[in-house]
Amino acid sequence: MSNPFSAPRLAATAAVLSLAIGSLMPAQAQTEAGVPTEVVLHFFGGSAADGVNPVAGVVQAADGNFYGTTLSGGAPGNGGTVFRLTADGVLTTLHAFDARSGSSDGSTPRGALVIGADGRLYGTTEEGGAFGLGTVFAVSTGGNYQLVHSFNGVTGAAPRAGLTRVGGLLFGVASSGGIGNAGTAFRVDGGGFVNRIHAFDAAQGATPQAALSLGSDGNLYGTTQGGGLGDGSVFRLSTAGALNVLHRFAPNAQTGYAGPGSNGVVERAGVVFGSTPGDAGAVAAPGTAGSVFRIESTGGLSTLYRFAGVDGAQPGSLVRSSDGRLYGSTRSGGSDGVGVIFRIADAGEDFRLLHQFTTGSRSADGARPNPLIEDADGRLVGTAFASTLPPRFGRADVRNGAGAVFALYPRAPRISIELIPAIAAAGQPVTIRWTADVGAEGCTASGDWRGARAASGEATVSSARVGERPFRLECANPAGSVTETATLTIAPAPTVTLTASPAFTNNRTPSTTLSWTAVGAATCTASGEWNGPRPISSSVVVTPGIRGRNSYTLSCTGIGGTSSDSVNVFRFGEP
């Protein structure tokens, strides 16, 4: 298969060949390869201990596994779960929350987990705890659970969002509690102590339901569902608790819902980006399907994109990918009405549907997706509240409708190959290093090396044939395959030409001129009747000092090895 990422061939004299892939580009307009492809990693509801219906995304830990929560399910308390999912889809329930009467455990986790400074996973539950108002909890990647804090109304109540890490501290919001029951912002210190740092009010915005995001300026950014001008606000919050409202949303008379709802925002260079789950704009028909917006540092808001239903509806929180663009999902809309995955750039350009979730008798897909993350392989990984696994053996599968974890491969892999050195002598060992991103599942080498290869690695190669030798690597994932080629130049040994004019001397003509050229050499050394270093090409006058034959030799060394040439000059008569 041809390779759309090929770099121009470097000159044969280049010291190093490096085919750099640059930053991850899940959807490059002119260089992407393959068709975005979604793969379900796990369907929930397959066992009594399994959770069901996740409403938050996942987080990837240093061990490469994904960790998340489900809203309900889990034996024996049916209060939701914390789970671990391996990259190949093996799920383990780390903790099942107990929602039964008399339990002080938390229940109903709605927010995503965050990895604390101690390596544990931290989260919140909307209900449960000592006062029934929700909790902050911690769980190790091995499943050791700890109740960190029970909300009491003063610190907040009913947290629906996950936590955000800033250094060794964690910050979050509670949807109610505080002054006037409008919600709070709180901090969790390293010892697990929870301190309220801000109490919301109706003028600023009330009922925060989305996780805070850390901005480039060190401040936290967030949203409220209500208050402001009636339909929520976007705010900036210092880690000390000082709040500044960036924008207040007013209800739209036709949709009745113009604000961010439970969606969060992301900040970049002072500009805030977010989405509304149902924004009609100034003039539109009822049922508008939501929007993507940006708020300038001056506070002005502009709509970047309005959804119309067929392209998605009810967008959730956005995530910024390593390619600089924004990616998101919608809870409904699309071809089957159960959501889509999309991307968009900062100015609203380059909008593209990457995947539409499907239903029907032959569908095996998620439905109503939640916010996404970009994993270490460059995939977009998320959860879906429901699933559409088809019936098996004439009856509905037990997992049908319970939700799923999925991965979207936004493009075929990009491959980076480096040869060190890129020019070598025949048979000289050369190091080849390569890596393929976006979850490359299989790589095959061809050309002057062959066989199956891992997605990344290092090997020693060589070639005995002079010239440009190709080292090809083809890597594939569910979105497609790509082939990249690194070219190793095998240099020949230098060509050395040494002449003497005249080749005979006598008393009347005692001297001769030695002339030489060396092609493919870096250094030359004289020996015989002359000695020492010499330039690559030059001439010199010498006087033979021996009656009879005088031998002159020039040896030159280059990447391809060492070659030499000799001439004899005959002296007649006494010197």
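For this chain, numbers begin at 1 and follow the sequence in order.
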K.L.:
Indicate the atoms forming the closest heavy-atom contact of Asn263 with Gly316, along with that distance.
P.N.:
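Shortest heavy-atom separation between Asn263 and Gly316 comes out as OD1-CA, 3.4 Å.
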K.L.:
Apply side-chain contact (heavy atoms from CB on, under 4.5 Å) to Ala56 and list each qualifying residue two or more places apart in sequence or on a separate chain.
P.N.:
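Residues passing side-chain contact (heavy atoms from CB on, under 4.5 Å) with Ala56: Thr69, Ala112.
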K.L.:
Under 3.5 Å, is there a donor-acceptor pair between the Gln314 and Thr330 side chains?
P.N.:
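Their side chains do not contain a donor-acceptor pair, so the 3.5 Å distance test is not met.
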K.L.:
Please answer whether the main-chain N or O of Gly270 pairs with a side-chain N or O of Arg268 as donor and acceptor at a distance below 3.5 Å.
P.N.:
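A pair under 3.5 Å: no.
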K.L.:
Can we call the ring centroids of Tyr305 and Phe293 under 6.0 Å apart?
P.N.:
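Between Phe293 and Tyr305, which both carry aromatic rings, the centre distance is not below 6.0 Å.
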K.L.:
As a quick check of understanding, evaluate side-chain hydrogen bond (donor to acceptor under 3.5 Å, both in side chains) for Thr383 and Asn370, giving each step before the final call.
P.N.:
CA-CA 6 Å; Thr383 63; Asn370 301 307; 2.8 Å; yes
K.L.:
If the threshold is 4.0 Å, N to carboxylate O, is there a salt bridge linking Asp448 and Arg469?
P.N.:
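The answer is yes: the pair qualifies as a salt bridge.
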K.L.:
When rounded to the nearest 0.5 angstrom, what is the spacing between OG1 in Thr93 and CZ in Phe44?
P.N.:
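Answer for the OG1-CZ pair, Thr93 versus Phe44, is 8.5 Å.
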K.L.:
Kindly say whether Ser501 contributes a backbone atom to a donor-acceptor pair with the side chain of Thr512 at under 3.5 angstrom?
P.N.:
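Yes, Thr512 side chain to Ser501 backbone: donor-acceptor pair under 3.5 Å.
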K.L.:
Any chance the side chains of Thr81 and Thr70 put a donor and an acceptor closer than 3.5 Å?
P.N.:
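Per modelled atom types, Thr81 and Thr70 side chains form a pair under 3.5 Å.
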K.L.:
Hey, can you tell me if Phe504 and Phe570 have their rings parallel, tilted or perpendicular (30° and 60° cut-offs)?
P.N.:
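Phe504 and Phe570: parallel rings.
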K.L.:
How long is the span from the CG atom in Leu212 to the CG atom in Asn219, to the nearest 0.5 Å?
P.N.:
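With rounding to 0.5 Å, CG (Leu212) is 11.0 Å from CG (Asn219).
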K.L.:
So does Val265 get a backbone contact from the side chain of Ser213, meaning a donor-acceptor N/O pair under 3.5 Å?
P.N.:
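Answer holds: yes.
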K.L.:
Looking at every non-hydrogen atom in both residues, tell me the closest pair between Phe357 and Glu38 and how far apart they are.
P.N.:
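Between these two residues, the closest heavy atoms are CE2-OE2, 3.4 Å.
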K.L.:
Could you report the tightest heavy-atom contact between Val340 and Gly334, atom names first, then the distance?
P.N.:
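Between these two residues, the closest heavy atoms are CG1-CA, 3.6 Å.
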K.L.:
Between Asp311 (side chain only) and Leu353 (backbone N and O only), is there a donor and an acceptor less than 3.5 Å apart?
P.N.:
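Such a contact is absent between Asp311 side chain and Leu353 backbone.
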K.L.:
Tell me, with the steps shown, if Asp346 and Leu326 meet side-chain contact (heavy atoms from CB on, under 4.5 Å).
P.N.:
CA-CA 7 Å; Asp346 284 6; Leu326 299 164; 4.1 Å; yes
K.L.:
Please report the closest heavy-atom contact between Ser481 and Ala412, naming both atoms and the distance.
P.N.:
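Residues Ser481 and Ala412, closest heavy atoms: N-CB, 3.9 Å.
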K.L.:
Would you sort out whether Thr303 and Val292 count as a side-chain contact (heavy atoms from CB on, under 4.5 Å), showing the intermediate values?
P.N.:
CA-CA 6 Å; Thr303 299; Val292 177; over 6 Å; no
K.L.:
Start with the C-alpha distance between Val59 and Ile373, add both sets of side-chain angles, then the distance that settles side-chain contact (heavy atoms from CB on, under 4.5 Å), and finish with yes or no.
P.N.:
CA-CA 7 Å; Val59 63; Ile373 67 165; 5.6 Å; no
K.L.:
With distance as the sole test, does Ser387 use its side chain to make a donor-acceptor pair with the main-chain N or O of Gly401 at under 3.5 Å?
P.N.:
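Indeed, once roles are kept as given, a pair shorter than 3.5 Å links the two residues.
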K.L.:
Could you pull out the closest heavy-atom pair between Pro421 and Gln428, with the gap in Å?
P.N.:
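For Pro421 and Gln428, the tightest heavy-atom pair comes out as CG-NE2, 3.9 Å.
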K.L.:
Working to the nearest 0.5 Å, report the span between OG1 of Thr487 and CD1 of Ile423.
P.N.:
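Result: 11.5 Å between the selected atoms.
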K.L.:
Report yes or no: do Ser322 and Glu374 form a side-chain donor-acceptor pair below 3.5 Å?
P.N.:
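Note: Ser322 and Glu374 side chains meet the donor-acceptor criterion.
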K.L.:
Quick one: CG on Leu121 to OG on Ser140, what's the gap to the nearest 0.5 Å?
P.N.:
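So the gap between those two atoms works out to 8.0 Å.
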K.L.:
State whether Tyr327 and Arg320 meet the cation-pi test: NZ (Lys) or CZ (Arg) under 6.0 Å from the six-membered ring centroid, and within 45° of the perpendicular axis.
P.N.:
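No, Arg320 and Tyr327 do not form such a contact.
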K.L.:
Would a distance-only check, ignoring hydrogens and angles, find a side-chain to backbone donor-acceptor pair under 3.5 Å from Glu349 to Ala347?
P.N.:
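Yes; judged by distance alone, with no hydrogens or angles, the pair exists.
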K.L.:
Rounded at 0.5 Å granularity, tell me how far CD1 in Ile115 sits from CZ in Arg165.
P.N.:
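Between atom CD1 of Ile115 and atom CZ of Arg165 there are 8.5 Å.
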K.L.:
Could you verify whether a donor N or O on one side chain and an acceptor N or O on the other, from Asp365 and Thr388, lie under 3.5 Å apart?
P.N.:
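On atom types as modelled, these side chains do not qualify, holding no pair under 3.5 Å.
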K.L.:
If only atom types and distance count, is the side chain of Ser321 paired as donor or acceptor with the main-chain N or O of Gly324 below 3.5 Å?
P.N.:
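Side chain of Ser321 to backbone of Gly324: no pair is present.
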K.L.:
Any side-chain heavy-atom pair from Asn53 and Val55 closer than 4.5 angstrom?
P.N.:
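No, their side chains stay 4.5 Å or more apart.
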K.L.:
Would you find a donor on one side and an acceptor on the other, under 3.5 Å apart, between the side chain of Asn550 and the backbone of Glu529?
P.N.:
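No, the answer is negative, given that no donor and acceptor are paired below the 3.5 Å cut-off.
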K.L.:
Do Thr164 and Val114 have side chains that approach each other closer than 4.5 Å (heavy atoms only, starting at C-beta)?
P.N.:
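The answer is no, as the side chains (C-beta and beyond) never meet within the 4.5 Å cut-off.
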K.L.:
If only atom types and distance count, is the side chain of Asp63 paired as donor or acceptor with the main-chain N or O of Asn65 below 3.5 Å?
P.N.:
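Present.
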K.L.:
Would you say the side-chain atoms of Ser566 and Thr553 include a donor-acceptor pair closer than 3.5 Å?
P.N.:
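A pair is found: one side chain offers a donor N or O, the other an acceptor, under 3.5 Å apart.
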K.L.:
Any chance the side chains of Thr276 and Ser291 put a donor and an acceptor closer than 3.5 Å?
P.N.:
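Distance-only check passes for Thr276 and Ser291.
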K.L.:
Do Asp336 and Thr358 have side-chain atoms, one donor and one acceptor, less than 3.5 Å apart?
P.N.:
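Result is no, nothing qualifies.
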K.L.:
Using the salt bridge (charged side-chain N to carboxylate O under 4.0 Å, His left out) criterion, which residues pair with Asp118? Sequence neighbours excluded.
P.N.:
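Here the qualifying residues are Arg120.
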K.L.:
Trp516 vs Thr497, test: side-chain contact (heavy atoms from CB on, under 4.5 Å). Steps then yes/no.
P.N.:
CA-CA 5 Å; Trp516 68 93; Thr497 303; over 6 Å; no
K.L.:
Taking the side chain as everything from C-beta on, heavy atoms only, tell me whether Tyr409 gets closer than 4.5 Å to Leu380.
P.N.:
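Of all side-chain heavy-atom pairs linking Leu380 with Tyr409, none is under 4.5 Å.
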K.L.:
Is the shortest heavy-atom distance from the side chain of Trp434 to the side chain of Arg453 under 4.5 Å?
P.N.:
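Trp434 reaches Arg453 side chain to side chain.
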K.L.:
Between Glu296 and Arg294, is there a salt bridge with N-O shorter than 4.0 Å?
P.N.:
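A salt bridge is present here (some side-chain N lies under 4.0 Å from a carboxylate O).
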K.L.:
Could you walk me through whether Arg411 and Asp437 pass salt bridge (charged side-chain N to carboxylate O under 4.0 Å, His left out), step by step?
P.N.:
CA-CA 10 Å; Arg411 55 169 172 77; Asp437 64 1; 2.8 Å; yes
K.L.:
Between Phe342 and Phe307, is the ring centre distance below 6.0 Å?
P.N.:
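Judged by ring-centre distance (under 6.0 Å), Phe342 and Phe307 do meet the cut-off.
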K.L.:
If I compare all heavy atoms of Pro470 with all of Thr485, which pair ends up nearest, and what's the gap?
P.N.:
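Here Pro470 and Thr485 meet closest at CB-CG2, 4.0 Å.
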K.L.:
Any side-chain to backbone donor/acceptor pair from Arg472 onto Ala445? Under 3.5 Å, distance only.
P.N.:
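Side chain of Arg472 to backbone of Ala445, a donor-acceptor pair under 3.5 Å: no, none is there.
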K.L.:
Only counting residues at least two apart or in another chain, list the ones meeting salt bridge (charged side-chain N to carboxylate O under 4.0 Å, His left out) with Arg84.
P.N.:
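Partners of Arg84 by the salt bridge (charged side-chain N to carboxylate O under 4.0 Å, His left out) criterion come out as none, since no residue qualifies.
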K.L.:
Can you find a side-chain donor-acceptor pair between Thr562 and Thr557 that sits under 3.5 Å?
P.N.:
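Yes, a side-chain donor-acceptor pair sits under 3.5 Å.
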K.L.:
Going from OG on Ser329 to CD1 on Ile341, what distance comes out if it is rounded to the nearest 0.5 angstrom?
P.N.:
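It comes to 6.5 Å.
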K.L.:
Answer yes or no: is there a side-chain heavy-atom contact under 4.5 Å between Val430 and Ser462?
P.N.:
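When only atoms from C-beta onward are counted, Ser462 and Val430 do not touch, as no gap falls below 4.5 Å.
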